[in-house]
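What follows is a single structure, written as structure tokens, with notes after it.
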Amino acid sequence: MQQVSESVLEAFGKMWGLYPAPVMLIHASREVLAVNACADGLGIAAGIQCHSLYPRDKVCPGCQANKALKTGSAVRKTAMDNRSGRFLDGYWIPVQGESDIYVHFGSDITEYVKPELMTD
């Protein structure tokens, strides 16, 4: 498992622990380093490759982690999840002071999306 400082893990827990959607702290290698309570409740565990949740054996086509890490800026992407029929508002946010760690989550905003955006 990738090494991450206790201070980063503690900050992640304090900031994201109670967020009502799954949130993951992820290394550039795509190894999940920590999860919030919602993700844990869904069976998502530290130590897995994030893309294995979909299931995939390589990085997801829409992943914006590389862009976020390269630019040092948060990246947002909205998309329809065809598997669940939900519209997700996704973020990849680099952790300040860490070159290879980011926070990733996607909030379900289906009820707020215009119907024309809900079709392929």
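FYI, side chains are in, hydrogens and waters are out, and symmetry mates aren't considered; it's all heavy atoms of this structure.
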For residues 60-69, please give each side-chain donor-acceptor pair under 3.5 Å, one per line with the distance, not counting sequence neighbours.
{"residue": "Gln64", "atom": "NE2", "partner": "Gly62", "partner atom": "O", "Å": "3.2"}
{"residue": "Asn66", "atom": "OD1", "partner": "Arg30", "partner atom": "NH1", "Å": "3.3"}
{"residue": "Asn66", "atom": "OD1", "partner": "Arg30", "partner atom": "NH2", "Å": "3.1"}

Let me have the donor-acceptor pairs involving side chains of residues 11-28, under 3.5 Å, with sequence neighbours excluded, atom names and distances please.
{"residue": "Lys14", "atom": "NZ", "partner": "Glu10", "partner atom": "OE2", "Å": "3.3"}
{"residue": "Tyr19", "atom": "OH", "partner": "Ser107", "partner atom": "OG", "Å": "2.8"}
{"residue": "His27", "atom": "ND1", "partner": "Ser29", "partner atom": "N", "Å": "2.9"}
{"residue": "His27", "atom": "ND1", "partner": "Ser29", "partner atom": "OG", "Å": "3.0"}
{"residue": "His27", "atom": "NE2", "partner": "Gln2", "partner atom": "OE1", "Å": "3.4"}
{"residue": "His27", "atom": "NE2", "partner": "Asp100", "partner atom": "OD2", "Å": "2.9"}

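When all heavy atoms of Val35 and Ala45 are compared, the pair lying nearest together is CG1-C, 4.5 Å.
Separating the CG atom in Leu33 from the CD atom in Gln3 is a distance of 10.0 Å, to the nearest 0.5 Å. Going from atom CG of Leu88 over to atom NZ of Lys77 covers 11.5 Å, rounded to the nearest 0.5 Å. With rounding to the nearest 0.5 Å, the separation of OG in Ser73 from CD1 in Ile93 is 11.0 Å. Atoms CG and CZ, on Asn36 and Phe105 in that order, are 10.0 Å from each other to the nearest 0.5 Å. Atoms OG1 and CZ, on Thr110 and Phe87 in that order, are 8.0 Å from each other to the nearest 0.5 Å.
One hydrophobic cluster holds both Ile109 and Met80 under the rule that ILVMFWY side chains link at heavy-atom gaps under 4.5 Å. A continuous path of Ile, Leu, Val, Met, Phe, Trp and Tyr side chains, each step under 4.5 Å between heavy atoms, connects Ile48 with Tyr54, placing both in one hydrophobic cluster.
Taking the side chain as every heavy atom from C-beta outward, Tyr91 and Val103 never approach each other to under 4.5 Å.
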